[in-house]
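Residue numbers start from 1 in every chain, and the chains themselves are labelled A, B, ... in the order their sequence lines are given, proteins ahead of strands.
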2 protein chains.
Amino acid sequence: MDPHLLRTFVAVLDHRSFSAAASALGYTQSAVSQHIAALETDLGTRLLERRPVAPTPAGERLLEHAPALLLRLDAARADITRLHNPHPTQLTLACAPASFTPKVARALTDLRAKTHPLNLRLRTMARDAVIEDVLTGKSDIGLIDGAAAPSDPLPVPDLGPATTYPIAEEPLAVLFPHDHPLAMRHSLNLADLSQAHWIDAPDTAIPLGRLRAITQTDGFRPRLHHHGSDLHTLTTLIAAGHGLAALPLSLSSAPNTTPVPITHPRLTHRTELIHPTTPTAPARALASLLTSP
Amino acid sequence: MDPHLLRTFVAVLDHRSFSAAASALGYTQSAVSQHIAALETDLGTRLLERRPVAPTPAGERLLEHAPALLLRLDAARADITRLHNPHPTQLTLACAPASFTPKVARALTDLRAKTHPLNLRLRTMARDAVIEDVLTGKSDIGLIDGAAAPSDPLPVPDLGPATTYPIAEEPLAVLFPHDHPLAMRHSLNLADLSQAHWIDAPDTAIPLGRLRAITQTDGFRPRLHHHGSDLHTLTTLIAAGHGLAALPLSLSSAPNTTPVPITHPRLTHRTELIHPTTPTAPARALASLLTSP
DNA sequence: ACTCATTACGAACCCCGTAAGAATG
DNA sequence: CATTCTTACGGGGTTCGTAATGAGT
């Protein structure tokens with residue numbers, strides 16, 4: 001189970017094709033074929049069906065482990081190479097869209113004032129991508145958000161060693177188009193909305209699967225799926241009546257929309273900071289700015 | 001970062017010696033030296049100090065990842081090979097000591113009655129070892145225990161895909177020698193005992209580090225450390241006045257000891273079942289026996 | 001027939017053991 | 001000087017690419 005073999009296994013399933021995976025990895029299709037054959041011999045089972053390429057049951061099991069393994073391998077390398085460059089002049093911050101608040105922006109100006117020269121890089125991406133970015137060292141520090149019971153930590157997939165700190169908590173709201181019949185209410189029971197029209201935008205809003213898990217119902221079925229990390233697109237969709245989404249209350253400035261806080265069950269929108277166990281110096285500075293006041 | 005190299009890296013640090021690691025792994029000492037050299041070249045840093053053998057800072061980082069990686073690699077292989085033998089006649093159950101209750105024993109007799117032939121194997125070990133055993137397929141199913149807030153799940157290190165079910169909850173108690181001044185009380189505030197004499201027995205009782213985390217204090221310092229998974233030894237130590245330990249209330253039958261339930265903070269002793277995402281048939285049967293009634 | 005995966009085969013490379021060398025206590 | 005790690009080197013095995021073969025639509 002050489003990591004190289006796992007990597008091509010994942011690539012083959014990503015591309016649903018041996019030859020496409022080969023060119024993506026810079027191998028020849030023969031090499032890819034041999035990699036898969038080697039894995040199948042090693043594990044004593046067929047892992048893939050060919051034509052069309054699809055995982056067998058055994059392949060599905062392997063696919064549950066392989067990406068996590070490869071991620072952690074990258075994380076280990078990142079943790080070590082970070083030690084080489086202890087005082088970098090660059091800080092890369094990965095943000096989930098709804099986690100980037102005025103408070104964070106102010107912390108960045110404070111950081112600029114006290115640390116210089118400082119080359120700031122900001123990247124917006126989905127929550128899981130933030131965690132991956134931080135663990136693999138592509139970003140130095142990250143901001144994630146999600147729904148949780150008050151003062152509970154966010155449920156984070158534990159893919160490697162990292163430290164998280166809460167930095168903000170605020171009411172969780174459902175964003176309605178301003179002419180929606182419920183838009184004038186002052187409080188909401190989330191479960192009452194399970195059959196409403198929802199937009200699934202897991203990269204920006206609270207994922208619908210999370211709402212299902214919280215309410216332990218089978219509702220919250222999406223009418224429309226928004227892939228991407230742009231909040232503006234999402235609020236515009238909501239304003240146009242394509243469906244609802246759960247967002248932090250402070251995102252109420254979107255035109256033609258009205259947020260209504262969820263009062264039951266007791267939930268908050270929580271923002272957390274995540275950084276490696278041994279962060280770079282600027283990352284540590286930003287972390288202390290965001291957590292101390 | 002070949003897994004073989006990581007394995008010898010871990011072995012070298014386990015044995016604090018290249019040559020000892022070599023003989024443990026069935027390699028020659030030269031091969032071990034080459035493995036470490038290859039890792040160090042690949043990562044561009046020295047990972048170990050020699051004579052005496054000790055990890056450098058970079059080596060410490062790697063040591064944080066390598067065992068988890070190797071474990072997950074084994075877990076992946078176990079998940080796949082399990083598919084090969086779908087109706088095994090053997091069931092291996094891994095138990096943390098305080099998780100093996102009369103209820104579990106009864107479930108095993110029920111299982112015997114309805115499934116046969118059945119070759120039962122029972123293994124007692126520390127909680128972390130149970131999880132590792134289940135993930136790597138050395139045991140088919142496991143029982144773990146710990147302290148948690150009522151109806152909260154146990155905090156389990158997420159080392160791979162597995163399913164957990166709660167199977168029992170009961171009061172958490174401190175076990176005193178029967179002549180201890182506090183042994184006649186009916187309720188306890190855990191924080192009041194932070195400066196008492198404690199026995200750290202992480203494999204059998206609630207680990208003292210967990211008590212520190214729960215109370216957010218710096219107390220609960222051990223006077224004596226008990227390594228091993230035998231509850232009898234622990235209760236005998238307590239009876240002899242060597243110190244206290246936190247255990248489930250039902251373990252009150254130990255001679256010359258008295259359990260007093262912890263009433264503050266609100267805590268329970270919780271037992272959970274853990275099995276792979278795709279358990280073997282007997283494991284599934286036992287799981288349904290333990291969870292349904 | 002065309003696309004895509006497998007097999008055959010050879011050259012370059014890697015990996016481990018033997019054995020000799022260096023360093024440390 | 002004895003123990004322990006490192007280095008040099010060679011055989012055997014592995015890996016990848018080229019190219020030919022086979023299978024599916």
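- Judged by distance alone with a 3.5 Å cut-off, no donor-acceptor contact links the side chain of B:Q29 to the base of C:dG17.
- Checked against A:R121 for a side chain to side chain contact (heavy atoms under 4.5 Å, CB included), the options A:L93, A:D140, A:T92 give a single hit: A:T92.
- With the nearest nucleotide of DNA chain C identified for both A:A20 and B:Q34, A:A20 has the one nearer the 5' end.
- For A:S33, no side-chain nitrogen or oxygen approaches OP1 or OP2 of C:dT7 to under 4.0 Å.
- In this structure, B:I36 atom CD1 and D:dC5 atom P are separated by 11 Å, rounded to whole Å.
- If you check every strand for non-hydrogen atoms under 4.0 Å, B:V53 touches sugar and phosphate atoms only.
- The base of C:dT7 sits within donor-acceptor range of the side chain of A:S30, with an N or O pair under 3.5 Å.
- Between A:L5 and B:R50, the residue anchored nearer the 5' end of DNA chain D, judged by the nucleotide with its closest heavy atom, is B:R50.
- Rounded to whole Å, atom C1' of C:dC15 lies 15 Å from atom CG of B:D42.
- Counting to the nearest Å, the P atom of D:dT25 and the CD atom of A:E49 are 12 Å from each other.
- Interface remark: the A:R51 side chain does form a donor-acceptor pair with the C:dC4 base, using a distance-only criterion of under 3.5 Å.
- When each of D:dC16, C:dA5, C:dG17 is scored by its nearest atom to the side-chain atoms of B:T28, the top-ranked nucleotide is C:dG17.
- Between A:D133 and A:S139, the side chains place a donor N or O and an acceptor N or O closer than 3.5 Å (distance only, hydrogens not considered).
- For the pair B:E40 CD and D:dC5 C1', the interatomic distance rounds to 12 Å; values are reported in whole Å.
- Rounded to whole Å, atom P of C:dA22 lies 19 Å from atom CZ of B:F18.
- Side chain to side chain, B:H232 and B:D230 fail the donor-acceptor criterion of an N or O pair below 3.5 Å.
- What separates CG of B:L47 from C1' of D:dC5 is a distance of 16 Å, to the nearest Å.
- Summarising the geometry, the separation between CG on B:L39 and C1' on C:dC15 is reported as 14 Å, rounded to the nearest angstrom.
- Using cut-offs of 30° and 60° on the angle between ring planes, the pair B:Y165 and B:H275 is tilted.
- In the model, A:S33 has no side-chain atom that pairs as donor or acceptor with a side-chain atom of A:Q29 under 3.5 Å.
- Taking atom NE2 of residue B:H4 and atom P of nucleotide D:dT14, one finds them 12 Å apart after rounding to whole Å.
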